[in-house]
4 protein chains.
Amino acid sequence: MIDDDKLHEECGVFGAWNVADSAAITALGLHALQHRGQEATGIVTHDGVRFHSHKGLGLVGDNFGDAKVMASLPGTRAIGHNRYATSGETVLRNVQPLFAEFEFGGLAVGHNGNLTNANTLRRALVRRGCLFQSTMDSEVFVHLIAISLYSNVIDRLIDAVKQVIGAYSLVALTQEQLIGVRDPLGVRPLILGRTHGADGKTGWVLASETCALEIVGAEFVRDVEPGEIVIIDDRGVQSIKPFTPQPPRFCVFEYIYFARPDSVMEGTSVYTARKMIGAQLAKEAPVEADVIVPVPDSGVPAAMGFAEASGVAFELGIIRNHYVGRTFIEPTDQIRHLGVRLKHSANRAMIEGKRVVLVDDSIVRGTTSQKIVEMVRQAGAAEVHLRIAGPPTSYSCFYGIDTPERSKLLAARNSVEEMAKLIGADSLAFISIDGLYRALGKPGRDAASPAFCDACFTGDYPIDLTDNNEPRDNQPSLLAETK
Amino acid sequence: MIDDDKLHEECGVFGAWNVADSAAITALGLHALQHRGQEATGIVTHDGVRFHSHKGLGLVGDNFGDAKVMASLPGTRAIGHNRYATSGETVLRNVQPLFAEFEFGGLAVGHNGNLTNANTLRRALVRRGCLFQSTMDSEVFVHLIAISLYSNVIDRLIDAVKQVIGAYSLVALTQEQLIGVRDPLGVRPLILGRTHGADGKTGWVLASETCALEIVGAEFVRDVEPGEIVIIDDRGVQSIKPFTPQPPRFCVFEYIYFARPDSVMEGTSVYTARKMIGAQLAKEAPVEADVIVPVPDSGVPAAMGFAEASGVAFELGIIRNHYVGRTFIEPTDQIRHLGVRLKHSANRAMIEGKRVVLVDDSIVRGTTSQKIVEMVRQAGAAEVHLRIAGPPTSYSCFYGIDTPERSKLLAARNSVEEMAKLIGADSLAFISIDGLYRALGKPGRDAASPAFCDACFTGDYPIDLTDNNEPRDNQPSLLAETK
Amino acid sequence: MIDDDKLHEECGVFGAWNVADSAAITALGLHALQHRGQEATGIVTHDGVRFHSHKGLGLVGDNFGDAKVMASLPGTRAIGHNRYATSGETVLRNVQPLFAEFEFGGLAVGHNGNLTNANTLRRALVRRGCLFQSTMDSEVFVHLIAISLYSNVIDRLIDAVKQVIGAYSLVALTQEQLIGVRDPLGVRPLILGRTHGADGKTGWVLASETCALEIVGAEFVRDVEPGEIVIIDDRGVQSIKPFTPQPPRFCVFEYIYFARPDSVMEGTSVYTARKMIGAQLAKEAPVEADVIVPVPDSGVPAAMGFAEASGVAFELGIIRNHYVGRTFIEPTDQIRHLGVRLKHSANRAMIEGKRVVLVDDSIVRGTTSQKIVEMVRQAGAAEVHLRIAGPPTSYSCFYGIDTPERSKLLAARNSVEEMAKLIGADSLAFISIDGLYRALGKPGRDAASPAFCDACFTGDYPIDLTDNNEPRDNQPSLLAETK
Amino acid sequence: MIDDDKLHEECGVFGAWNVADSAAITALGLHALQHRGQEATGIVTHDGVRFHSHKGLGLVGDNFGDAKVMASLPGTRAIGHNRYATSGETVLRNVQPLFAEFEFGGLAVGHNGNLTNANTLRRALVRRGCLFQSTMDSEVFVHLIAISLYSNVIDRLIDAVKQVIGAYSLVALTQEQLIGVRDPLGVRPLILGRTHGADGKTGWVLASETCALEIVGAEFVRDVEPGEIVIIDDRGVQSIKPFTPQPPRFCVFEYIYFARPDSVMEGTSVYTARKMIGAQLAKEAPVEADVIVPVPDSGVPAAMGFAEASGVAFELGIIRNHYVGRTFIEPTDQIRHLGVRLKHSANRAMIEGKRVVLVDDSIVRGTTSQKIVEMVRQAGAAEVHLRIAGPPTSYSCFYGIDTPERSKLLAARNSVEEMAKLIGADSLAFISIDGLYRALGKPGRDAASPAFCDACFTGDYPIDLTDNNEPRDNQPSLLAETK
C-alpha cells in the first residue's frame, strides 16, 4: 500500500481524555491518520489504576478490529500512535507508544517527528548507566524524564523537552494527565479537539490532523501552538510555554502531500491549498493541451485547480487500483518489471490521441513518474506534459520525514530539462518557491524569515542538525534482532 | 474492503494461451479484475504435461505474491478466477477454477454468472449417480461434459452449454485448448486480446474486461460475441456459434457500477458512459446548488458529468480512506455505530454552509446513503440533494449479481418521496430508464426489444428462471462445512 | 513427531452412534488412535437433519481443541479419521472422511487400508463419466455406491464392497445408520464397543483399536469379524456377511509395532504379545551381556520380555525427548547430521563400560539403527548387540502400510551378517518367523494356511495385487495442487 | 504438553564459545533442556562485531527449525534460554536472553532461578532513574551492571552479583567473554563442557544439565562450583570466587523430578538416584501386591527400583499418549471432565483383577493422582496402592520453581491418611526425608547443616526471603500488556 517513490511522514499521534471507550475512539482517530504511518500501531490506555497496552505491526484495522483486544484496553484515557518506518527495522520493541515506570508512576509517550540531537543525548545517557531498549528517539525523552531531579512529572517533562532539539509533536499519558507538546517552531502539527465527556462534562482529544476529529465526532478547538505544552486533566486544559518565542516554521510539505485533503492546518484547508497551488502552477507553466489528468490520488486537487485556471478539461485519465495486497510487491522479475501498473492504469479512452498534462505533487527518485509517463504514452497520448505542484525536492529532511539520501533525489542531481528527458515527458515544470508561498496566501518567500519550513526545497534548515548532516543511522544498535 | 450496500458482481475470469509466465500474467489480469470479486481466487496452469493449481481465500495479491507459489505454477497456458460470495459459504471447495479429470484428459473451468436451471440439472445428475463436491453452478457444466457421449472435448462442451440456461461467461483450459464461452444473450462480458507469444508468435488472452489487457500489455481484439465459443490453440482462434441467434441483452449495470471506468464494453468507454449518465441526470433533475460532490469512488464520473452539464462547481467534498483493514468492520457497537465513516469522511471546508448535490450510482438498502447524507449535514451543509445515476433498483438479479432479497431493496417498497425522507435528503432523484438508454446512445428503451438486460430496474427478465423466482439457495447441500 | 525409519500404518477410524457430544467423543477416540496417522484428521457428524464436517492438517488436538469448531459439529452420530501420508500429497481434498450426496441422501466414509484394484476400478468409472475429486481409494467406494442400481444404501454398499479387492476397515455414516465394514480376510482391525446412549439406552462405538474405547469410557463388545458388515441404528446392531468365508489373515505387524500396547487385538493383549516375542527372541538369540536396553518407546515391552527370559538387568539406557517440534527436522546440515539424537539420547551412566543388548521392533532402512548403535558406542558401551523383535522386513506391503520401495529395505538386499556390519553392531539377530508365530500362541507358521498376513516378511501376499506389484502411484492425477 | 499438577523448573540455560554454528549448537542444547521450560525460548549470538537475537514463544524446535532464522544468527559465540512461566505473562518482552547496551559495549544475559531481593533492588533502581522494560529478575542484574562505577565488565558483574540474593545460574555473553555464574549455595545447577573449537583449538559449553552435552557431542569437564564465576575467552577458562564460602545446598528436587534421567548432577546419575529412591521407598513402605506400575514418564525409574527391591513384577500398566496438541486442553466441559486421560491410559490387560502399586515422584495438588487412581480402578484393579518417591511437598519454593500457593498444596493441609482418602487409594506412602538423603548416599538429614535445599519438604529456607514470604507477584508492573 506504500508509494515507494514518495516522501513519507514518519508518524501520526492521537490522545483522548475523559472519553467513553477511549481505546475504540483512539483506534478510529489512528485509522483517520493511517496515511501518516502504516507499518505499526499501538494504543495505551489508563483505567484509573493500571495502564493497558497493545501494539502490533500493520494497519490499525488489522490490530484493533478484534473485540478481545479492545476489551483488554479499558479506561477513558488513551494515547495512540501510527508508525512509518523503512523496511527491516520495524521490530516490536520499536513500536510506540513507549511505556515506562518511574518512581512517581507510569508514563506512556507517542511522538511524531525527529530529534536532531538524539544520538548525542543517547550517548551521554548510556554513559550515565541508562539502558536503552529501542532505537527510537522517543526513548531519549523518557530517560531524561526518569533522571530529572524535579519532583513532579510536569516539571520533569519540561526539563526533558528543553534538552532535546528537533521537530516533533508528542502526546503523553500519565496517571493524572494527558499531555501534548509541539516543538518550538511548530514544524510538525498537533491539534486540540473537544467532545462529549465520559462523565457528561467535557472530553478532550489531541491529534496530528483535524481529519481525526471528524471520524470521532469531536469539535475542533485550536492548533496546539508552537512550543506549547498542553496539560489536560479533569480541571480542563492548561497551557505552558517553556521556550523563548520564535517565528513559527510549519512544514510546507504537509500542504503539498502529507496531510489528508480534508484536514485544516494552521487555519488553511489542505484541499483548498492544493487547488490554489494547481491554479498558480497553471499560471506559471501553461501548456497547450486537450486534457488535464491527475496522478491519483494525491495529484487530484492540484489537477482540478490547474484545469480550472487553464480552462482545459479535467479527466480521470489514470485509474487507481485500491486492492493491492501486502505481498504483491515482492515477487518475480516479470511482475516487478510491470511495477507501478499494479496501482495505476491508463484510461485509454481519455488519453488516446490527446495532448495530456499530468499533474502530480512531487518527484522524489523519479522512478514512478517515468513509469507513469510511459504508461500514458503506451495508451496513445499524442503528447505528455508533466506539471509538479511543488518545487524540486533537492534536499533531505531531518525533521521527521523519510527522505532518500540526497544523492538519490532526482532534483538534486539534474536540471529540469535533464529530468524531463529522464522521465520521458515532452515538457516538465515545477511550481516556483515564491509561487508556492503565494498560493498559500503569503506575499512570496521572505528569505530572512520564511513563513514555512521548506528545507527540502531550499536547504535552509531552521533547526540545528546537531547529530550530523546525514540521514540518521536507523539502526544504531549493537543488536540485530529478527522477528 | 467491500461496500456492504452495493450490488456485487459475482466473478471475474481470465485466460492466457502461449504466454510466458502465464501464471504471473494471469495473476496480474485477476488483480485488474479484483473489483469483480475479493473473497477468493485461483489459478490453474498447464505445462504441456500436467495441470497445476493454487487457490486461496482473499485477494489475488495475498495469494499470488509468493515466489514459491508462482514457481509451483509452470507453463504458458493458464486460467484464473476471482470469486465474490456472501459470507459463510466461501469454503475452499467452492473456489474456482474447478478441475476435473475425464477419460480424455483434464479440464479446468472458471465462470462468471449464474445458471438459472442449475438446481434442476443438478438433481437430474445426482439421480444418475454423479457425485457433486461443491455447491457451484460450474460443477454442473463439468458433469454434463463428463457424461456426454461425444468423443472429443469440444463436442462435449457444446453438448453441455446447450443444456444449461443462464447468464455467464466461461473460460476453460484443456490439455490442447483455451476455450471461452459467452451466454446466448451476452449478458455477462468476455473479451479477447492478443499479446506477444511465448514462442515468438502470437499469444492470446481472454478476460472479463479490457482493463485486464492494459495491465499485461495485451492488445484488445474484440468482444467475444453473445453465444460464441472461441477455441484457442496453436493454430489460432476458431469460433463456434451453436445457438440460434437472438438480439443481445448486455447487462446495463456493468456501465452503471460493476465495470472499472477504464474498461471499454461493447464498444463504449465505461468512464464516458458514466459521465453521459451524469449529464443526462443533470438535465432530468436539476437543482439550485453551490457544489456537486461525488460519493467516492464509483460516483465520481457521473458527478463530473452532472457538474459539467449543470455548470455548478465539482468538488471532492467527501474523502475516502483506503486503509480499511480486514477485520475492522466486525467489532464493538461503538465502532459499528460510526459505520460508514471508516471509509468516507466529509471535507468540511468544501461543505460548510453550502447547498450540496451528492451524486451516487445506486441505492440498494439505503443504509449507506442515509449515513452519508447525515455525515454531510453534520459537516454543515445548508442543503443536501441526492442524485442517483441509475434508475431505482427494484428487482433482484438472477444472472450472476448478488442482490439482497427484493424485500430489502429500498426502491421495491418505497416511492421516491418516501426514500428521500428515509435517507434524510432535501431532495432525491433517479435517472429515468429512458434517460439511461439515451445516455448510452440508444433512442430510449424499446419495450419490445430492449437493448440491455435491465431486469433489476424493470423486472423484465430475458432468460428463463427455471429453478424458481427467488434468489437461489446459496447452500443447497446436506453438508455444513467449517474451515 | 514421525519416526522416519519405521513402517507406518496408513489410518485410524472411529464411529459413534447415539452418543452425547459425538464430535467430542470422536475427537477423543481419534486422539487415542493418533499413532495410526498424524498428518490430517477429520470428523463428520449428523444432527438428524444435516451433516457437519471439519477437517484439517495436523493432529487431532490441534484441529478439535477449539470450542467454536466443536460447536459447529452438533449431533449424536459421528465418524472420524486419522490420516498418515507421505509428504507432499496431503492436500485438504485428500483428507477423510469423504462426504457425498446421492439421490437417497448423504454418506460420509472413512477408511483404513488399501484397495489393490483401486486404479483399475477408477479407470472404469472415469470412462463412465464419474468425476474424481481426490486421489484416495475411498472415493472409488463412493462412486460405486452412487452408480449402483440398488435402491437402498445398504444394498448399494454391499454392491460396492463386493467389487473392491483389498485390505481395509471402513466406517460410514448415513442419515439413518452407522456402518462398519472389515475386509474378507480381516487384515486390518475394527472393533465394536458399547457405551451409555444419548437417549439413556445404548450407544455404540466403532474403532480401529480397543485403546480408543478406554478413553471414551466405552466397553469392548467384540471384534468386527473378517468380511462382516455391521449396521448400527436405533434398533441395535445387525450383521451382514456378504462374502464367501475364508480363513482370516490378521496383520501380524499390528502386534509387532503398529498397535498401541494397551490395545487387545483378536483376543490378544498387544503388550503381552510383545513381551512374549521378546522372551522368545532371548531364547533364540541369547547373548552374554550386562544390560538389556530398549530402543524407546516401541522396543520397551520386547526388551522387558527379553530381560526377564535372559535374567540380565533391564535398564533405560536410552532416553527419549518428547519435545520434538514440527519444523526441527528440516534445517541445516549440522542439525541433520546429528539426526536421530533429537529424539534419543544415551543415558551414559547405564552404558559406559557395559556389554549392551539393544532391543528394537524392526529394521526398515537401517538408518536409525545405525545412528543409535553409534550413539550407544560413543557413550562408552563395551559391546553393542542388536536384537530385533520381528523377522527381517524384506517385502513391501500393499495392504495399507507405507513401506519404502523394496530396494530400500535393508533386509531385502543384505544378509543378517552384512546388516550387522552396516549398522555397526557386534552382533545382530531377528526372531524367526516360526518363533514369532509361537510367541503369538500358534504352533508355528503353517505354510499352507498361515494364521496371519506376514507378507512383509515372507512375500506371501494373500490378496490379489490387481493394480500391479509395485507400491501404488501416490499421485495418479493430472493435477498438481499446492496448498 | 505441560503437566498441570507438577512443580516446574523455571528455566534452562546454555552457552557456547568458539563453536562452529554456535546458534545451531545452542538450539540443540536448549532442545535437550526443553523439559526445563517450554513457554518461550531465545538465542543471542555474537559474530565478533554485532550481537544477533531471535526469541519466540513456544518450543525450541518451533522457533529454531527455520534455516532463515538460523542464518540470521551468525557467529561462534552464543547463549540461549528456555523459559517456563505461568500463563498470561509470557509476552515477548519477558523472553530471555535479555540484551543491553552499555558504555563499554553489549551484554546478553540468560538466567535460571529467582532473586529473593529483586523487588527491593528494583524499587531502589527505579528511584535512581532506571527504566525497567520487563518484569524479570534478570533485568535487575543488568541495571546493577549499567550503573556500577567499575570500569570493566567483569568487575561490574561481580559488583552486581554481590548485591543480589537468591538461587540462580546465569550465562552471559559480552563482546569478549562467555560468563557463567552459580549462586553461593549452588541451589541451581550449571555445568561446564568442552568440545572441538571452531578454530581447531578448544571450544567451551555451559549448560544447566549434562544431557545438553551429549546432544552436541561435548565432553563433561566439571560442575561450575557454588558461588563461582567462570570467565571463558580465547585464553581458556578462568575462575573467580567472590563470595565467602558456605556449605552447598543443591536442590534435592532436581533428583526427584526436574532433571532429565540421563543427566549427572554433582557427581550422581539422576536415573540411578531415582532407582535408589524407589528401592528405599520399597523398604520403608512395602505392600503385598501383584504388580508395580509406574506413572509415566517421571515415575518409571523409581518404580523399577521399587520393583527390584520388592521382588514384585514391574509392568507398564499405564500407557502415555505423546501426541497431545497445543490446544486440546482448553475445550468443552466433557473433554475437561475426561482430563488426564488425554495423556495416560490404563493398560487393562496388566491391571484387571490385580493388586496394583502405582509409583509416582510427587503429589502437588493431588488432582492428577486422583484421576489416575480412578482410571486404574475402572480398568479393574483389585487394589490400588500409591507410593511417592519424595516426601510430602508442604512448602512453596522461592528459589526458581513454580509452586502453587501453600494453601493449594495437598500435603500442606492434610495428613497422609486424609490424602489417601481424597485420592481414593487403598494405601498411600511417601519416602521419609531421612530415607531420601540415604538413597542419595548421605547418612540421613543433618538438621544443623543439611546437604541439600529441601525447603519444599521441610520449610527450612537456606536463603533470605528479603522481598517477602509469599510467592512473588508475577506481574509487578503498572502495565498490562496484551500480545
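Protein chains get the first letters and strands the later ones, always in sequence-line order, with residue 1 at the start of each.
The interface of residues 123-130 of chain A with chain D, defined by heavy-atom distances below 4.5 Å, comprises A:Val126, A:Arg127, A:Arg128, A:Gly129, A:Cys130.
The parts of A:Val142 that come within reach of chain D are both its backbone and its side chain, each placing non-hydrogen atoms under 4.5 angstrom from that chain.
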Derivation of the side chain to side chain contact (heavy atoms under 4.5 Å, CB included) call for D:Glu101 and A:Leu131:
CA-CA 6 Å; D:Glu101 283 175 69; A:Leu131 294 178; over 6 Å; no
